[in-house]
Amino acid sequence: MEKKNINLTLSIYDGLAELPDQIKTLFKEAAKARDKAYAPYSNYLVGAALLLESGKIVTGSNQENAAYPSGLCAERTAVFHAGANYPDQQIKSIAITVKTSKKTINKHAAPCGACRQAIAEYEFKQNQDIAIYLRGETGKIHKVDSLHSILPLAFNHKFM
Ligand code: THU
């Protein structure tokens, strides 16, 4: 029997000031998108901003529905928009930020499993890592260098 460890490296930044300008801008756009979320049922607003290789920024927010499963998370709204409109451009980074009127969230967000799987598809497609930056409304920023680091053993086309 053999055991293997899979390691996750998190880079933790105290605040936006520690990040490169491009990522500060990405968070600014993610916050703008978040504030346009349609989340009347959860009151949990999520914004995602994608940086494409051309420098173009694509954003998305969560879009809820009275028939709950018909809604969509911010991350998938954003990556599907990029996939549909910029199919040949690599996604370099994603910034995600959240907010609710109930309290100030200062703990980083975390993409749900379905969003990780959706982002993984594009990482496999482009064969280049996608860096993911996570933040609450305020507070520290957590970064992972790739989607696959937070979805080990992901299902992909090679299994089929
Ligand atoms: N949500 C996202 O937009 N992204 C995630 O990764 C987690 C959850 C949304 C879905 C729903 O509109 C609200 O947050 C509460 O679950």
Side-chain angles (χ1 to χ4, degrees), residues 6-13 15-39 44-64 69-99 105 107-160:
I6 299 175
N7 293 315
L8 167 64
T9 303
L10 276 173
S11 305
I12 302 168
Y13 302 86
L16 292 174
E18 284 184 21
L19 293 165
D21 285 348
Q22 229 179 11
I23 306 301
K24 280 185 202 139
T25 305
L26 205 58
F27 266 111
K28 207 178 278 176
E29 294 304 315
K32 275 196 221 161
R34 177 199 66 199
D35 294 346
K36 289 189 280 194
Y38 177 62
Y44 185 72
L45 313 181
V46 186
L50 273 52
L51 178 64
L52 305 184
E53 60 178 326
S54 64
K56 169 94 190 153
I57 293 176
V58 169
T59 63
S61 59
N62 50 331
Q63 298 295 315
E64 297 186 347
S70 303
L72 196 63
C73 293
E75 297 89 329
R76 275 176 287 163
T77 304
V79 291
F80 293 158
H81 181 89
N85 293 289
Y86 305 97
D88 300 325
Q89 279 200 44
Q90 286 187 7
I91 302 167
K92 309 301 283 182
S93 309
I94 305 181
I96 301 164
T97 177
V98 300
K99 186 176 172 178
I105 301 175
K107 192 181 156 38
H108 67 85
C112 76
C115 287
R116 292 179 202 206
Q117 182 67 35
I119 300 165
E121 183 71 26
Y122 295 95
E123 202 174 66
F124 284 119
K125 180 186 167 205
Q126 67 186 38
N127 200 24
Q128 280 293 325
D129 290 350
I130 300 174
I132 318 237
Y133 295 83
L134 307 167
R135 199 183 194 207
E137 183 185 354
T138 61
K140 294 189 182 190
I141 294 113
H142 286 58
K143 178 199 177 196
V144 292
D145 292 331
S146 63
L147 185 283
H148 63 83
S149 67
I150 54 168
L151 192 64
L153 311 181
F155 181 75
N156 64 61
H157 64 279
K158 294 177 199 147
F159 288 87
M160 294 189 285

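Counting from 1, the numbers follow the sequence of the chain as shown. All values below come from the heavy atoms of this structure, side chains included, with hydrogens, waters and symmetry mates left out.
Contact of the Leu10 side chain with the Val144 side chain is registered, since non-hydrogen atoms from C-beta on lie closer than 4.5 Å. Side-chain contact check for Ile119 versus Ile130: some heavy-atom pair is nearer than 4.5 Å.
More than 12 heavy atoms of other residues, nucleotides or ligands lie within 6.0 Å of NZ in Lys125, so this atom counts as buried by the packing criterion. Atom NZ of Lys24 is surrounded by more than 12 heavy atoms from other residues, nucleotides or ligands within 6.0 Å. More than 12 non-hydrogen atoms from other residues, nucleotides or ligands lie less than 6.0 angstrom from CD of Glu53. Annotation for Glu121: atom CD does not count as buried by contact number, only 12 or fewer foreign heavy atoms lying within 6.0 Å.
Across Leu134 and His108, no two heavy atoms sit closer than the pair O-CB, 3.7 Å. Minimum heavy-atom separation, Ser61 to Ala33: CB-O, 3.3 Å. Closest of all the heavy-atom pairs between Lys56 and Tyr86 is CE-OH, 2.9 Å. Taking all atoms of both residues into account, the shortest heavy-atom contact from Ile96 to Ala109 is CG2-CB, 4.2 Å. Smallest separation of non-hydrogen atoms from Gln126 and Asp129: NE2-O, 4.1 Å. Looking at every heavy atom in both residues, Val98 comes nearest to Tyr44 through CG1-OH, 3.4 Å.
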(message) Determine whether Val79 and Ile94 satisfy the following criterion, side-chain contact (heavy atoms from CB on, under 4.5 Å), listing intermediate values before the conclusion.
(response) CA-CA 9 Å; Val79 291; Ile94 305 181; 4.3 Å; yes

(message) I'd like to know whether Ile57 forms a side-chain contact (heavy atoms from CB on, under 4.5 Å) with Thr25, so could you lay out the CA-CA distance, the side-chain angles of the two residues, the decisive distance to 0.1 Å, and finally the verdict.
(response) CA-CA 9 Å; Ile57 293 176; Thr25 305; 4.0 Å; yes

(request) Report the C-alpha distance between Gln22 and Leu51 in whole Å, list the side-chain angles of each, state the deciding distance to 0.1 Å, and finish with yes or no for side-chain contact (heavy atoms from CB on, under 4.5 Å). (result) CA-CA 9 Å; Gln22 229 179 11; Leu51 178 64; 3.7 Å; yes

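The backbone N or O of Ser54 sits less than 3.5 Å from a side-chain atom of Gln89, completing a donor-acceptor pair. Checked by atom type and distance alone, the side chain of Glu29 never pairs as donor or acceptor with a backbone atom of Ala49 at under 3.5 Å. Using a distance-only test at 3.5 Å, with no hydrogens or angles considered, a donor-acceptor pair links the side chain of Gln117 to the main chain of Phe155.
How far CD1 of Ile23 is from CD of Glu18: 13.5 Å, rounded to the nearest 0.5 Å. How far CG of Asn62 is from CD of Glu75: 8.5 Å, rounded to the nearest 0.5 Å. Between the CG atom in Leu72 and the OH atom in Tyr38 there is a gap of 14.5 Å [rounded to 0.5 Å]. Atom CG of Leu45 is separated from atom NZ of Lys36 by 13.0 Å, given to the nearest 0.5 angstrom. To the nearest 0.5 Å, the span separating CD1 on Ile6 from CG on Leu153 amounts to 4.5 Å. For the atom pair CZ of Arg135 and NZ of Lys99, the computed distance is 12.0 Å after rounding to the nearest 0.5 Å.
Ring pair Tyr133/Phe27 is perpendicular by interplanar angle, where above 60° counts as perpendicular and below 30° as parallel.
Judged as a ring-ring contact (aromatic ring centres under 6.0 Å, His included), and not counting sequence neighbours, His148 has no contacts.
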